[in-house]
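Worksheet: the structure to be examined is printed underneath.
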2 protein chains.
Amino acid sequence: MPTRSAREPERPAKSFRQAQFERREQAILDATNRLLAEKGYEPMAMDDIAAEVGIAKGSLYKHFASKEALAAAVMIRLLRRTREALDALPAEAPAADRLRAMLEWTLRERLDGGVPHLPSTSATLRDALLANREYVDELMALSEMLGDLVRQARSDGALSGDFADEFVLYHFYARACDPTLDFLKAGGALTDDQIVAQMVRAAFDGITR
Amino acid sequence: MPTRSAREPERPAKSFRQAQFERREQAILDATNRLLAEKGYEPMAMDDIAAEVGIAKGSLYKHFASKEALAAAVMIRLLRRTREALDALPAEAPAADRLRAMLEWTLRERLDGGVPHLPSTSATLRDALLANREYVDELMALSEMLGDLVRQARSDGALSGDFADEFVLYHFYARACDPTLDFLKAGGALTDDQIVAQMVRAAFDGITR
DNA sequence: GTCTATAGTCTGATAGAC
DNA sequence: GTCTATCAGACTATAGAC
């Protein structure tokens, strides 16, 4: 019997079945993410997901208890990635610049096709998400971080005085999900870089001279 | 036989039945408008509308061939009212001011609860609307008028130079439907006037100092 | 395969316009 | 009094979660 290499853990290796199971779960999440971005929540049928992954519909329910739970898992993964992107920004940069950078990051993610049409597409999904502890925790953590940036930007004197902090935060979220991006992309008259630049500028500096 | 007064038309007066029919049609449109604004397209069942109006479901189909046709009629009425509001603005005002005024008008309409969650809520509805000649004509007429205002604002030198006209128009539509309004309204921290003022200002002048 | 939801249809009964 | 529009609601068909 050959000795295990140092790379292999002492505890019994995950069984092949187990590894397959986890790979399939990632594949399901990826497919769902793609379909959510493409069609939105309600139009996306569980059959679509099964077909995309290439597994039986019933198998989906071995991984996720319901369509809502599956969508929630996708959204939680997205919030985590967003939070990581925010953490990766240089801490010494002015708060306003970091907010700009986050908006730009999000818009580029969307242009690359990776971001599901926001919960706003479906009241059912929104309610399910707000009932999901893990999702709400992630969302609150992200909102805390963004809220800190807003307050910091204000004390830096970077914001116009009469906007409520609450307003600035909602404004940021709404610009991150702005449908203008999809229309411009579909219109095809502007490059991705132009779309991102104009949207970021409009969000922070307005469109008037 | 008494002579008809001058106020009465020669042709036979509309029968009572006919008048009832038309009143009911308005009631159906009003109820649908309200329900669309409250729940969105798919969650709104025809039974809901019938119940809201207080008529039998079958009677709905005496007025509108389908759920899609009914929703389209509501949206067309909304576009007409919007165009009338635009026509009512003083023609001598600068184009940029008229755009601001239109955005303010729309946001106030939404705060008053009268505007259906945009077509974006449902791909089905969006497709049905785009296949509806009357709707598309109204939408194009409105877009023409707004596009004219944008071009005029640009030649007035009111817009920042590097925004595409196309971008400015989409930006305007997106701000008119901005979910920020609903969040702020639900939050309750700001008055309606504050919400409108901050949103209009953010849309045109940005949030940075 | 089962079950639920809902668009859309149909029918017999009935109120009320004519 | 006659007749027609409307009513209540059963029913069909379909889609989609599970």
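Computed from a predicted model, the values in this text were never measured in an experiment. So you know, we letter chains A, B, ... as the sequences are listed, proteins then strands, and number each from 1.
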Discussion item. I need the CG-P distance between B:Leu60 and C:dT6, as an integer number of Å.
Written reply: 15 Å
Practice prompt. I would like to know whether B:Asp30 and B:Arg34 meet side chain to side chain contact (heavy atoms under 4.5 Å, CB included); could you show each step before the answer?
Written response: CA-CA 6 Å; B:Asp30 291 341; B:Arg34 220 190 57 68; over 6 Å; no
Fill in: Ionic contact status for B:Asp205 with B:Arg100, cut-off 4.0 Å
yes
Practice prompt. Starting from P on C:dG8, measure out to NE2 on B:His63 and report it in whole angstrom.
Written response: 16 Å
Could you write out each protein N or O paired with an N or O of nucleotides 1-5 of chain D at a distance under 3.5 Å?
from	atom 1	to	atom 2	distance (Å)
D:dT4	O2	B:Arg17	NH2	3.4
D:dA5	O4'	B:Arg17	NH2	3.1

Worksheet item: So do B:Thr82 and B:Trp105 actually touch side chain to side chain, heavy atoms under 4.5 Å?
Response: yes
Worksheet item: Heavy-atom count around A:Phe183 CZ within 6.0 Å, excluding the residue itself: above 12?
Response: no
Worksheet entry | Any donor-acceptor N/O pair, A:Asp127 side chain to A:Thr124 backbone, under 3.5 Å | no
Worksheet item: Want to settle it: does B:Gly58 or B:Gln20 sit nearer the 5' end of DNA chain C, counting the closest nucleotide to each?
Response: B:Gly58
Worksheet entry | ring pair (Phe, Tyr, Trp, His ring centres under 6.0 Å): pairs with one or both residues in residues 17-73 of chain B, sequence neighbours excluded | B:Phe21-B:His63
Worksheet item: So, B:Arg110 and B:Asp192, do they make that salt bridge, N to O below 4.0 Å?
Response: no
Discussion item. Would you say that B:Met199 contacts B:Arg175 through its side chain, given a criterion of any heavy-atom pair below 4.5 Å between the two side chains?
Written reply: no
Worksheet item: Going 5' to 3' along nucleotides 10-18 of chain D, which nucleotides have protein heavy atoms under 4.0 Å from the base (write B), which only from the sugar-phosphate (write S), and which from neither (write -)?
Response: -------SB
